[in-house]
2 protein chains.
Amino acid sequence: MRVIDELGYRPRAAARELSAGHALTIGLVVTDLSNPFFARLADRIVWEARSHGVQVVLMTTQEDPHLEADSLDTLLDRSVSGVIATPTGGNIEKWRRLRDLGVNVVFIDRAIEELEDVDVVSIENFDSGQRSTEHLISLGHTRIGLITGPLTTSTGSARLNGYRAAHRNASLPVDPTLIRDVPFRGDAGGDAVGSLLAMRQPPTALIVANTAQVQSSVRRLVQMGTDIPDQLSLIVFDDNPWTELTSPPLSVIRQPLDMLAVHAIELVLGRMHGKLPDGARRIEVKADYLPRNSCAPVTAPVAR
Amino acid sequence: MRVIDELGYRPRAAARELSAGHALTIGLVVTDLSNPFFARLADRIVWEARSHGVQVVLMTTQEDPHLEADSLDTLLDRSVSGVIATPTGGNIEKWRRLRDLGVNVVFIDRAIEELEDVDVVSIENFDSGQRSTEHLISLGHTRIGLITGPLTTSTGSARLNGYRAAHRNASLPVDPTLIRDVPFRGDAGGDAVGSLLAMRQPPTALIVANTAQVQSSVRRLVQMGTDIPDQLSLIVFDDNPWTELTSPPLSVIRQPLDMLAVHAIELVLGRMHGKLPDGARRIEVKADYLPRNSCAPVTAPVAR
DNA sequence: TTGTAAGCGTTATCAA
DNA sequence: TTGATAACGCTTACAA
């Protein structure tokens with residue numbers, strides 16, 4: 001021990017991994033880090049992992065299944081003992097194989113229907129969609145726009161279902177032309193905003209129900225000089241650091257990133273140490289509605 | 001080859017690393033990912049690294065030298081062949097040892113004076129400080145506040161020197177009470193804003209010269225209801241996605257993240273392959289001033 | 001308790 | 001060109 005200290009000896013990770021057959025490393029696979037949601041999620045995960053002596057290898061997919069497939073191969077080569085990912089939706093077989101090979105997989109933020117035996121940590125998507133819609137309905141809005149990610153994603157469909165349920169409960173019809181499911185990448189959010197406001201009977205309220213579309217949507221609203229909240233009430237998903245710096249400050253659905261990260265890490269590490277019972281876990285944490293000043297009652301009653 | 005295909009064989013990274021003595025991996029050591037500047041930087045670096053078949057192990061320091069030291073040890077254990085880092089300023093000996101052990105180190109964004117033989121990629125800090133100050137002076141401002149990171153950091157001191165040079169060139173005195181060098185973490189930016197505006201003779205313009213302080217500074221300005229630009233002209237460092245979403249949109253110094261990332265990766269990989277001449281490289285890329293609507297001429301001439 | 005040896009999967013060296 | 005062999009540094013099982 002004294003000599004170890006004197007020489008500053010440190011065991012070599014590669015040798016240990018080769019001998020053990022697996023690495024004290026997890027892979028983190030997210031879309032990209034320019035989305036503040038994923039960035040802060042990554043920050044929390046790296047932080048939590050560190051406190052357990054686990055390193056994080058970071059890979060980004062740009063929502064592209066090919067890049068995702070590459071990432072998974074690479075992580076497999078590295079014998080990572082776990083993967084935390086926001087899956088693109090593709091590579092079903094690859095994910096399954098990864099899991100069968102003993103890699104602990106945890107999906108965060110979204111799920112994949114076909115992979116029911118994979119752990120998932122997410123917010124209560126249905127509930128978030130419902131509550132934000134209900135809030136706008138309670139302000140008298142009857143034409144509420146919804147911008148969401150592709151409906152093939154679990155977040156997209158669950159939030160839309162919440163939106164629908166809120167309408168149903170209020171005995172309001174759902175106008176399908178107010179619903180825009182758009183791709184994650186590019187300026188799709190902005191375009192959806194443009195076309196919604198150009199409608200003959202435009203919505204009086206808007207929910208941007210995916211973090212990937214918030215920035216481009218808000219940018220477009222600012223460019224168009226839309227008067228918020230008088231002309232349009234607005235709720236966006238996820239409390240970015242800047243949502244309170246706009247005028248007016250935006251009412252948001254706040255996703256509890258810390259909880260998501262902590263649960264994800266605990267699932268991965270728990271399975272690593274075999275401390276968890278078999279069977280997939282689905283953890284849903286509540287997302288709060290944080291009212292600020294971007295929502296107001298409808299100004300004029302809507303003629304029908 | 002056919003059998004390789006059939007069996008889906010893939011070489012084991014751990015064995016290769018053990019044999020080769022080093023890993024096709026680099027460490028990325030940044031403060032934290034909740035700062036959009038570092039997040040986007042990390043995004044670009046991961047992306048560039050991937051295109052060269054190199055994986056990235058991510059570690060965060062929270063500006064804490066102890067955490068940084070831990071990170072370096074861990075990376076050393078992993079035999080990474082390179083490290084890209086925004087150094088905290090401490091651990092001088094550790095950095096030097098790392099370099100002497102053959103790990104290619106590239107500092108990004110900031111430098112450490114004592115380590116003159118380490119590659120550095122940064123923006124033209126002096127120039128950025130000078131140009132932003134000059135712009136405000138040309139609008140007639142004579143009392144220009146400056147919020148910057150600790151002056152022990154290369155970015156802090158270089159930007160301050162630029163600020164001073166601009167004053168000198170315009171034969172303006174520098175009022176030291178207008179200069180606030182504050183810690184990176186916490187709400188130091190907001191507090192500096194508060195105390196600057198509470199001065200008997202407050203500044204008519206403000207430069208927030210560090211990304212870490214922008215968010216808390218702007219938040220405080222919004223909270224205080226400061227009229228920008230009529231009451232206070234504002235320039236902030238780094239073009240976050242939200243700087244054009246505030247009202248008014250903020251004039252910024254835009255740091256060319258792509259360039260920083262590309263240069264850093266090229267330096268690390270270039271040295272890995274021994275394609276680079278000896279001797280440290282200092283690459284400085286120009287940062288553009290991007291005028292938006294947060295700067296205006298002084299309203300009333302300052303009584304003297 | 002301490003010491004020895006085999007094995008992890010790859011690369012590199014040296015013979016054939 | 002091909003094929004066998006040692007070495008990388010750690011863990012673990014077994015023998016002394």
Side-chain angles (χ1 to χ4, degrees), chain A residues 1-27 49-57 59 69-83 94 97-105 268-275, chain B residues 1-27 49-57 59 69-83 94 97-105 268-275:
Chain A
M1 283 301 169
R2 210 193 60 242
V3 177
I4 285 184
D5 252 26
E6 283 171 13
L7 268 49
Y9 162 87
R10 310 209 94 223
R12 212 137 205 286
R16 178 173 287 170
E17 288 173 18
L18 182 57
S19 175
H22 63 95
L24 270 186
T25 304
I26 61 172
R50 155 180 230 133
S51 75
H52 293 268
V54 170
Q55 279 93 254
V56 174
V57 175
M59 331 222 65
D70 278 359
S71 302
L72 297 192
D73 285 341
T74 303
L75 290 175
L76 210 46
D77 297 349
R78 304 198 65 96
S79 335
V80 294
S81 33
V83 174
K94 211 149 206 147
R97 191 148 47 85
L98 200 68
R99 208 193 55 96
D100 292 343
L101 254 43
V103 178
N104 304 291
V105 178
V268 170
L269 299 184
R271 297 230 183 265
M272 269 172 65
H273 300 127
K275 305 264 179 199
Chain B
M1 282 301 169
R2 210 194 59 241
V3 177
I4 285 185
D5 252 25
E6 284 172 11
L7 267 49
Y9 162 87
R10 309 209 96 223
R12 212 139 209 287
R16 178 175 286 170
E17 287 172 20
L18 180 57
S19 176
H22 63 93
L24 269 186
T25 304
I26 62 172
R50 156 181 231 132
S51 75
H52 293 269
V54 170
Q55 280 92 253
V56 174
V57 176
M59 330 223 64
D70 278 357
S71 302
L72 297 191
D73 285 341
T74 303
L75 291 174
L76 210 46
D77 298 349
R78 303 198 66 94
S79 333
V80 295
S81 33
V83 174
K94 210 147 204 147
R97 191 148 48 83
L98 200 67
R99 208 194 54 97
D100 293 344
L101 255 43
V103 178
N104 303 290
V105 177
V268 170
L269 299 184
R271 295 226 183 268
M272 268 173 64
H273 300 124
K275 306 264 176 197

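Below, chain A is the first sequence line, B the second, and so on; all start at residue 1.
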Please report the distance, rounded to the nearest Å, between [atom1] in [X] and [atom2] in [N].
X      : N      : atom1 : atom2 : answer
R12(A) : dA7(D) : CZ    : P     : 17 Å
R78(B) : dG9(D) : CZ    : P     : 17 Å
D77(A) : dG9(C) : CG    : P     : 14 Å

When rounded to the nearest 0.5 angstrom, what is the spacing between [atom1] in [X] and [atom2] in [Y]?
X       : Y       : atom1 : atom2 : value
I26(B)  : L269(B) : CD1   : CG    : 6.5 Å
D77(A)  : R10(B)  : CG    : CZ    : 4.5 Å
R78(B)  : H22(B)  : CZ    : NE2   : 15.0 Å
L98(A)  : K94(A)  : CG    : NZ    : 9.5 Å
H273(A) : S81(A)  : NE2   : OG    : 8.0 Å
T74(A)  : M59(A)  : OG1   : CE    : 5.0 Å

Are side-chain heavy atoms of Q55(B) and L75(A) found at a separation under 4.5 Å?
-> no
So which of residues 17-25 of chain A are in contact with DNA chain C, with a heavy-atom cut-off of under 4.0 Å?
-> L18(A), S19(A)
Minimum heavy-atom distance G21(B)-S79(B), with the two atoms named = O-CB, 3.9 Å
Which heavy atom of A14(A) sits nearest a heavy atom of L18(B), and at what distance?
-> CB-N, 3.9 Å
Check: V56(A) main-chain N/O paired with T25(A) side-chain donor or acceptor under 3.5 Å = no
In dot-bracket, 5' to 3', how would DNA chain C read with Watson-Crick or G-U wobble pairs under 3.5 Å, [ ] for crossing ones and | for pairs to another strand?
-> |.||||||||||||||
Look for any protein N or O under 3.5 Å of an N or O in nucleotides 1-6 of chain D and output each such pair with its distance, or none.
none

Quick one: is R16(A) getting a side-chain N or O under 4.0 Å of the dT11(D) phosphate, OP1 or OP2?
-> yes
